[in-house]
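What follows is a set of notes on a single structure, which appears directly below.
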Amino acid sequence: MAENPLPSPSTPLARAERFVWLTARVLEQRRFAYHFLRGGADQVETALMAYLNEDGGYGHALEPDLRGPVSQPLHTAHGLRVLDTIGRCGGLRVERICRYLTEVSTHDGALPAIHPSQRGYPSAPFLPVVDSPPSALLSTGPVVGVLHRNQVWHAWLFRATEFCWSAVESLEKPHPYEIQAAVAFLDGAPDRPRAEAAADRLGRLVRERRLALLDPDQPEDHAMADGYAPGGVLHPHDYARVPDSLAGRWFTDAEMARSLDRLEADQQEDGGWPARRDAWAPGWALEWRPIATVEALRTLRAHGRAIG
């Protein structure tokens with residue numbers, strides 16, 4: 001007599017857990033365990049160390065859009081975000097990271113999106129490698145924001161912070177990724193009145209330029225940006241991942257509720273969330289989807305949604 005099949009996971013968290021064990025890298029498995037299964041921070045940090053290079057930066061496709069072993073600012077920003085979420089963004093580990101950031105900074109003290117060392121390794125087509133890359137808010141803003149939020153003080157931060165203020169306050173026709181980077185900076189910036197004023201201006205830009213889909217039933221009201229897969233759009237929760245983000249002020253309660261409803265509905269049959277970007281490499285989605293899944297669950301829980 002055949003045994004009864006095991007029941008399918010019924011809660012969003014249980015379905016996501018099965019997806020993570022089936023598909024995720026060790027780092028995302030450890031992050032999932034830390035955030036949702038009472039796993040340890042040590043295990044997350046140990047998994048993250050596999051991506052750490054001798055120069056103090058992170059590489060080895062930590063950020064799946066960049067392949068190859070070399071350290072890159074975007075990888076290092078990703079690594080800092082992970083350390084921030086487990087309360088380990090300080091001490092000698094961050095001192096080493098800041099030395100790396102100093103070494104790869106441009107002439108104005110900020111970070112390029114892609115350092116020329118990436119040349120010769122695969123990377124996403126929307127991240128071109130050039131010999132003398134300019135400073136980029138995309139890479140600098142999240143790093144400066146997380147370091148300030150953790151009260152890290154290092155000489156590198158002085159010029160990098162000034163670059164971020166100048167870049168954020170001069171944005172006129174931003175890409176949504178730039179807005180997200182600006183929010184990451186402003187949410188950690190120590191000058192709170194200045195940050196609030198800059199965020200208010202950016203919020204008006206987001207609404208005027210239709211950079212957030214405020215009603216999922218009217219996708220035509222959203223301006224599609226480069227680098228997104230067909231149907232890929234940014235919603236209010238993509239800017240305000242936690243309720244106390246300055247970007248949360250840009251949207252009404254009803255708009256945020258619709259946004260979170262959509263995020264809940266985006267969980268796919270296999271339990272994971274989609275990676276809403278252009279798929280450019282065979283294994284790309286296999287690595288991005290578990291990252292997106294962990295972040296979706298964290299966003300839903302932060303906003304008070306039941307995940308199981």
_Carboxylate-amine/guanidinium contact D42 R88, below 4.0 Å_ =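 Yes, charged N to carboxylate O under 4.0 Å.
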_Lys/Arg N to Asp/Glu carboxylate O, E54 vs R96, below 4.0 Å_ =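 No.
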*Would you please test Q180 and H175 for side chain to side chain contact (heavy atoms under 4.5 Å, CB included) and show each step?*
CA-CA 9 Å; Q180 289 180 306; H175 189 284; over 6 Å; no
Which value, rounded to the nearest 0.5 Å, describes the distance between [X] atom [atom1] and [Y] atom [atom2]?
X	Y	atom1	atom2	value
R249	L246	CZ	CG	5.0 Å
E17	T11	CD	OG1	8.5 Å
I179	R209	CD1	CZ	9.5 Å
L211	E178	CG	CD	10.5 Å
I307	L13	CD1	CG	5.0 Å
Y51	S71	OH	OG	14.0 Å

_Candidate pair R149 and D187, rule salt bridge (charged side-chain N to carboxylate O under 4.0 Å, His left out), full reasoning_ = CA-CA 8 Å; R149 186 165 57 253; D187 279 347; over 6 Å; no
Is the number of heavy atoms from other residues, nucleotides or ligands within 6.0 Å of [atom1] ([X]) greater than 12?
X	atom1	answer
R30	CZ	no
R18	CZ	no
R192	CZ	yes
L37	CG	yes

Identify the heavy atoms of [X] and [Y] that sit nearest to each other, and give their distance.
X	Y	value
W156	L147	CZ3-CD1, 4.0 Å
R119	V129	NH2-O, 3.5 Å
Q118	P122	NE2-O, 3.1 Å
A16	Q267	N-NE2, 3.6 Å
V152	L157	O-CD1, 3.1 Å
P236	M256	CB-CE, 3.9 Å

Do [X] side-chain atoms and [Y] backbone N/O form a donor-acceptor pair below 3.5 Å?
X	Y	answer
S259	E255	no
R93	L83	no
S123	L66	no
H303	R305	no
R241	L300	no
R67	A61	no
D266	P274	no
T140	L137	no
R298	V242	no
R258	L214	yes

*asked:* One pair to check against side chain to side chain contact (heavy atoms under 4.5 Å, CB included): F251 and R207. What are the steps and the verdict?
replied: CA-CA 9 Å; F251 311 107; R207 298 187 76 93; 3.9 Å; yes
*Mind checking whether F126 and Y177 have parallel, tilted or perpendicular rings, split at 30° and 60°?*
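Answer is tilted, since the angle falls between 30° and 60°.
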_Can you classify the ring geometry of W250 versus Y239 as parallel (below 30°), tilted (30 to 60°) or perpendicular (above 60°)?_
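Answer is tilted, since the angle falls between 30° and 60°.
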Under a single-linkage definition using a 4.5 Å side-chain heavy-atom cutoff for Ile, Leu, Val, Met, Phe, Trp and Tyr, are [X] and [Y] assigned to the same hydrophobic cluster?
X	Y	result
L52	L111	yes
W21	V294	yes
V70	L74	no
Y121	L62	no
V144	V94	yes

_Contacts of H237 that satisfy ring pair (Phe, Tyr, Trp, His ring centres under 6.0 Å) - sequence neighbours left out_ =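 Partners of H237 under the ring pair (Phe, Tyr, Trp, His ring centres under 6.0 Å) test: H235.
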Are side-chain heavy atoms of [X] and [Y] found at a separation under 4.5 Å?
X	Y	result
L127	P125	no
Y58	L48	yes
Y100	T76	yes
P112	P73	yes
L186	L202	yes
T85	Y34	no
I114	P128	no

_Residue pairs, two or more places apart or on separate chains, that pass side chain to side chain donor-acceptor pair (under 3.5 Å) and touch residues 162-172_ =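 Residue pairs passing side chain to side chain donor-acceptor pair (under 3.5 Å), neighbours aside: E169-R194.
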*salt bridge (charged side-chain N to carboxylate O under 4.0 Å, His left out) between R15 and D270, worked out*: CA-CA 7 Å; R15 292 167 59 204; D270 60 8; over 6 Å; no
*Pick out which of L297, L27, V44, T293 makes a side-chain contact (heavy atoms from CB on, under 4.5 Å) with F32.*
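With F32 as partner, L297, L27, V44, T293 yield a single side-chain contact (heavy atoms from CB on, under 4.5 Å), made by L297.
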*asked:* Let's go through F185 and T161 carefully: what are the C-alpha distance in whole Å and the side-chain angles of both, what is the deciding distance for side chain to side chain contact (heavy atoms under 4.5 Å, CB included) to 0.1 Å, and is it a yes or a no?
replied: CA-CA 9 Å; F185 165 68; T161 300; 4.2 Å; yes
*Go through R31 and E295 one step at a time and tell me if the salt bridge (charged side-chain N to carboxylate O under 4.0 Å, His left out) criterion holds.*
CA-CA 10 Å; R31 291 190 67 210; E295 294 307 324; 2.9 Å; yes
*For H78 and E63, does a side-chain donor sit closer than 3.5 Å to a side-chain acceptor?*
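The answer is yes; a qualifying pair exists.
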*Starting from the C-alpha separation in whole Å, work towards a yes-or-no answer on side chain to side chain contact (heavy atoms under 4.5 Å, CB included) for R25 and Q29.*
CA-CA 6 Å; R25 303 182 297 189; Q29 291 179 29; over 6 Å; no
